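Have a look at the structure below, then the notes.
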Amino acid sequence: MGTDGQRNAERLHCLVTGASGYIGGRLVPELLEAGHRVRCLARSPGKLRDHPWAGDAETVGGDVTDAESVAAAMRGVDVAYYLVHALGTGSGFEDTDRRAARTFAEQAHAAGVRRIVYLGGLTPRDVPEHSLSPHLRSRAEVGRIFLDAPVPATVLRAAVVIGSGSASFEMLRYLTERLPVMVTPRWVHTRTQPIGVGDVLRYLVGSAAMPADVDRAFDIGGPEVLTYREMMRRYAAVAGLRRRLIVPVPVLTPGLSSHWVGLVTPVPASIARPLTESLRHEVVCHEHDIARYVPDPPGRPMPFDEALALALRRVREAQVATRWSSAAVPGAPSDPLPTDPDWTGGSLYQDERQLPVDASREALWKVVEGIGGDNGWYSFPLAWAVRGWLDRFVGGVGLRRGRRDAERLRVGDSLDFWRVEEIEPGRLLRLRAEMRLPGLAWLEMWVETDAEGRTRYRQRALFHPRGLPGHAYWWSVSPFHAVVFGGMARNITQAAAKGMSARGSASHTGRARRRRERGARR
C-alpha cells in the first residue's frame with residue numbers, strides 16, 4: 001500500500017505497540033513498504049516470529065505500563081505508534097489506560113521522539129463525556145493525554161472499521177448471514193461513518209511524516225454515513241443474500257445486546273459490549289482535515305460497498321492477515337509450560353496418548369496443522385460444542401473464534417478457545433487454553449518417528465489446577481477423556497492414513513460447510 005511518494009520520503013525509525021493486534025499487525029508491513037525502519041514492543045515477542053514481516057522488523061520485549069521497558073524501546077525512535085488499550089482487563093481498565101498513556105508520553109519526550117501517533121475512537125459531539133461508554137471515554141482520555149504532552153501527537157479517531165477479520169466486520173457479517181429475520185436493539189438506527197481498514201492504515205502511515213507543528217486530532221471515516229440497519233442491508237446485497245427483515249425493539253440494553261451478539265457471532269460479549277455501547281450515540285466525522293497532510297488518491301476513502309466486497313474476498317480466499325482475535329485475550333494466562341512430569345510448581349495432570357500412523361510424517365502434519373475452526377477437532381463434536389457454549393455462558397471466548405487461515409497456523413494465532421503457543425513445522429503444535437478454567441491447560445500434538453522408522457502420533461493434554469476447584473474440575477471431566485482425547489487421537493491418525501486434510505475428514509465438517517453454502521444462497 002506504500003506509494004512512491006512515501007518510499008521517497010525521509011526514512012523514519014518507527015516504534016509500533018500492539019503489533020500482535022488487528023491494526024498493529026497490518027501496520028508494520030505497511031511502514032516497511034513505505035521505507036521506514038520498524039521496532040515492535042510486545043509483551044510476548046515470540047508471538048510475532050511467524051509473521052511474514054518478522055525478519056524485516058526488530059522486536060523487543062516489554063509492556064506499555066513498564067517505564068523501563070518503554071524507555072529502552074524508545075531509544076533512537078522518531079515516531080511512536082500507540083495501538084494498545086486495556087479494555088477487558090477488569091473494572092479498572094480506564095486507570096490502566098491512563099497510566100500507560102502517561103508513561104508512554106513521558107518516555108517519548110525523554111527519548112526525543114518526534115511524534116506520537118494514536119488510533120482512538122470517534123466520539124459524538126454535544127454529548128457529555130460522562131455519558132459516553134467507558135470504552136469511548138477511555139479512548140478520548142488517552143487522546144487528550146497525548147495532545148497535552150510535549151511531544152507533537154496525531155490522534156486519529158475512527159468509528160466502525162471494515163476489513164477482513166475486524167471485530168466490527170465479523171459482527172456485521174455474522175448477524176446478517178445468520179439471521180434472515182432480526183429482532184434488534186434500537187442502536188440499529190444510530191448513524192455512524194464506517195471506514196475501510198486500508199484507509200485507516202494509509203492515514204496511520206502518512207501521519208508519520210506530518211510537519212512538526214501539527215499537534216491535533218483528526219476525524220477519519222469513509223465517504224458515507226449509514227445506520228447499522230443500512231449497513232446490514234448493504235452487506236446482504238454485497239454478499240448475495242436475500243433482503244433481511246430487521247425489527248428494532250426498545251428493550252435490549254447494551255448488556256443484553258452484547259450477549260445477543262455473543263450468541264449469534266464469534267465475537268464474545270466482552271468485546272461486543274464496547275462495540276454496541278459505542279453505537280448508542282451518533283458518531284460521524286465533522287471534518288476531513290487529514291487530507292491536507294495525507295491526500296486521498298482517486299477513489300479514496302473507499303466506499304462502503306467496496307470495502308465490504310474486498311473484506312469478503314479476503315475471507316473467501318483465506319487471505320486474512322490479522323483478525324480481531326489476533327491479540328491475546330486480556331487476563332489470559334502466560335505462565336511457562338510445565339515441561340517435566342516432575343515439575344515442582346505443583347500438581348500437574350496429564351492425559352497422554354500415542355498411536356502408530358500408516359502415513360508419512362507430512363500427511364500427519366497436514367492433518368495436525370489443519371485442526372480446529374471449520375475443520376473440526378476429530379472428536380465428539382457435541383462435547384466440543386457444549387464446552388464452547390459453557391465458556392460463552394460464563395463470559396469466555398467460546399468455540400467460535402475459528403481460524404485465521406484454513407490450512408496454516410503461526411505462533412499467536414487464535415484457534416477456537418485455544419491460542420497457538422508453539423509450532424515447530426512438521427513436528428509440534430502446542431496450544432494454550434483461553435477458555436475460562438480453574439487452572440492452566442495445554443494441548444500438544446507431536447509428529448514423530450519411532451525406533452523402526454514408522455510415523456507416530458503423540459498427543460498430550462496438561463492441566464495445572466488452581467486450588468480445590470481446579471482439582472475438582474479435572475476429576476469431573478476425566479471420565480470423558482477417553483471419548484474426547486482418545487477419539488481425537490484415533491481420528492487424526494485415521495485421517496492421515498487416508499490422506500485427508502482436516503477439512504475433508506470429519507463428516508460434521510462437511511455438513512457445516514454445506515450449511516454455510518445454503519446460508520449464502522438465501
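This one's a predicted model, so the numbers in the text were calculated from it and none came from an experiment.
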### Query
Hey, is the main chain of Leu132 close enough, under 3.5 Å, to the side chain of Arg137 for a donor-acceptor pair?
yes
### Message
Does any part of the side chain of Val70, heavy atoms only, come nearer than 4.5 Å to the side chain of Glu68, both counted from C-beta?
### Response
no
### Query
At their closest point, which heavy atom of Val142 faces which heavy atom of Ala101, and how far apart are they?
CG1-CB, 3.9 Å
#### Entry: No-hydrogen, no-angle side-chain donor-acceptor test under 3.5 Å, Thr227 and Arg191
no
### Query
To the nearest 0.5 Å, what is the distance between OG1 (Thr96) and CZ (Arg99)?
4.5 Å
#### Entry: side-chain contact (heavy atoms from CB on, under 4.5 Å) evaluation trace for Met445 with Leu431
CA-CA 9 Å; Met445 288 165 272; Leu431 308 176; 3.9 Å; yes
### Task
Could you tell me whether the side chain of Arg114 and the main chain of Ala80 form a donor-acceptor pair under 3.5 Å?
no
### Query
For Glu422, which of Arg427, Arg49, Arg410 qualifies under salt bridge (Lys or Arg N to Asp or Glu O under 4.0 Å)?
Arg49
### Task
For Ser69 and Asp63, test the side chains for any donor-to-acceptor distance below 3.5 angstrom and give the result as yes or no.
no
### Task
To the nearest 0.5 angstrom, please state how far the CZ atom of Arg102 sits from the CG atom of Asp97.
11.5 Å
#### Entry: Test item: Gln193 side-chain N/O and Gly222 main-chain N/O as donor-acceptor pair under 3.5 Å
yes
### Query
With a 4.5 Å limit on heavy-atom distance, are the side chains of Leu119 and Tyr81 in contact?
no
### Message
What's the separation between atom SG in Cys14 and atom CG in Leu204, rounded to the nearest 0.5 Å?
### Response
11.0 Å
### Message
Check whether Arg401 reaches the backbone of Trp418 with its side chain - one donor and one acceptor, N or O, closer than 3.5 Å.
### Response
yes
### Message
Looking at Asp219 and Arg157, would you say the former's side chain and the latter's main chain have a donor-acceptor pair under 3.5 Å?
### Response
no
### Contact check, side chains of Val161 and Ile195, non-hydrogen atoms, under 4.5 Å
yes
### Query
Do the charged groups of Asp296 and Arg202 touch, with an N to O distance under 4.0 Å?
yes
### Message
Closer than 3.5 angstrom, by distance alone: can the side chain of His13 be matched with the main-chain N or O of Gly76 as a donor-acceptor pair?
### Response
yes
### Query
Would the number of heavy atoms belonging to other residues, nucleotides or ligands and lying under 6.0 Å from NE2 of His109 be above 12?
no
### Query
Should the pair Asp78-Arg115 be classified as a salt bridge under the 4.0 Å nitrogen-to-oxygen rule?
no
### Query
Closest approach of Val28 and Ala19, non-hydrogen atoms and distance?
CG2-CB, 4.1 Å
### Message
Nearest 0.5 Å, please: how far is CG in Leu440 from CZ in Arg432?
### Response
6.5 Å
### Query
Do Phe218 and Tyr203 have their ring centres less than 6.0 Å from each other?
no
#### Entry: Minimum heavy-atom distance Thr65-Ala100, with the two atoms named
CG2-CB, 3.9 Å
#### Entry: Minimum side-chain heavy-atom gap Arg139-Tyr118 below 4.5 Å
yes
### Task
Using atom types as modelled and distance alone, determine if a side-chain donor or acceptor of Arg403 lies under 3.5 Å from a backbone N or O of Ser414.
no
### Close side-chain approach of Val64 to Thr103, heavy-atom, < 4.5 Å
no
### Query
Does Leu409 offer a backbone N or O that forms a donor-acceptor pair with the side chain of Arg404 under 3.5 Å?
no
### Summary
Between Leu48 and Ala42, the two heavy atoms sitting closest are CD1-CB, 4.0 Å
### From Ile220 atom CD1 to Ser207 atom OG, the distance as rounded to the nearest 0.5 Å
8.0 Å
### Message
I need the Leu201 CG to Asp199 CG distance, nearest 0.5 Å.
### Response
9.0 Å
### Task
Under the side-chain contact (heavy atoms from CB on, under 4.5 Å) rule, what do Leu226 and Phe304 come out as? Steps first, then yes or no, please.
CA-CA 9 Å; Leu226 303 165; Phe304 180 71; 3.7 Å; yes
### Exercise: identify the closest heavy-atom pair between Arg408 and Glu369
CA-OE2, 3.6 Å
### Query
Any sub-3.5 Å donor-acceptor pair from Arg11's side-chain atoms to His36's backbone N or O?
no
### Task
Decide side-chain contact (heavy atoms from CB on, under 4.5 Å) for Leu156 and Ile290; before the verdict, give the C-alpha distance in whole Å, the side-chain angles of both, and the deciding distance to 0.1 Å.
CA-CA 9 Å; Leu156 303 180; Ile290 186 73; 3.9 Å; yes
### Task
Kindly indicate, with the supporting measurements, whether the criterion side-chain contact (heavy atoms from CB on, under 4.5 Å) is fulfilled by Arg313 and Arg316.
CA-CA 5 Å; Arg313 186 163 70 249; Arg316 289 166 179 169; 5.9 Å; no
### Query
Parallel under 30°, tilted from 30 to 60°, perpendicular over 60°: which one fits the rings of Phe463 and Tyr473?
tilted
#### Entry: Partner set under ring-ring contact (aromatic ring centres under 6.0 Å, His included) for Trp446, not counting sequence neighbours
none
### Message
With heavy-atom distances below 4.5 Å as the criterion, would you say the side chains of Thr192 and Val284 are in contact?
### Response
no
### Task
Check whether any side-chain heavy atom of Met232 sits under 4.5 Å from a side-chain heavy atom of Leu172, and report yes or no.
yes
### Task
For the residue pair Leu429 and Glu444, establish whether any side-chain heavy-atom pair is separated by less than 4.5 Å.
no
### Check ion pair Arg419-Asp413 (N to O, under 4.0 angstrom)
no
### Query
Charged N to carboxylate O below 4.0 Å: is that the case for Arg216 and Glu287?
yes
### Message
Has Thr322 got a side-chain atom pairing as donor or acceptor with Tyr22's backbone, closer than 3.5 angstrom?
### Response
yes
### Task
Mind listing the closest non-hydrogen atom pair of Pro438 and Pro469 along with its distance?
CG-O, 3.8 Å
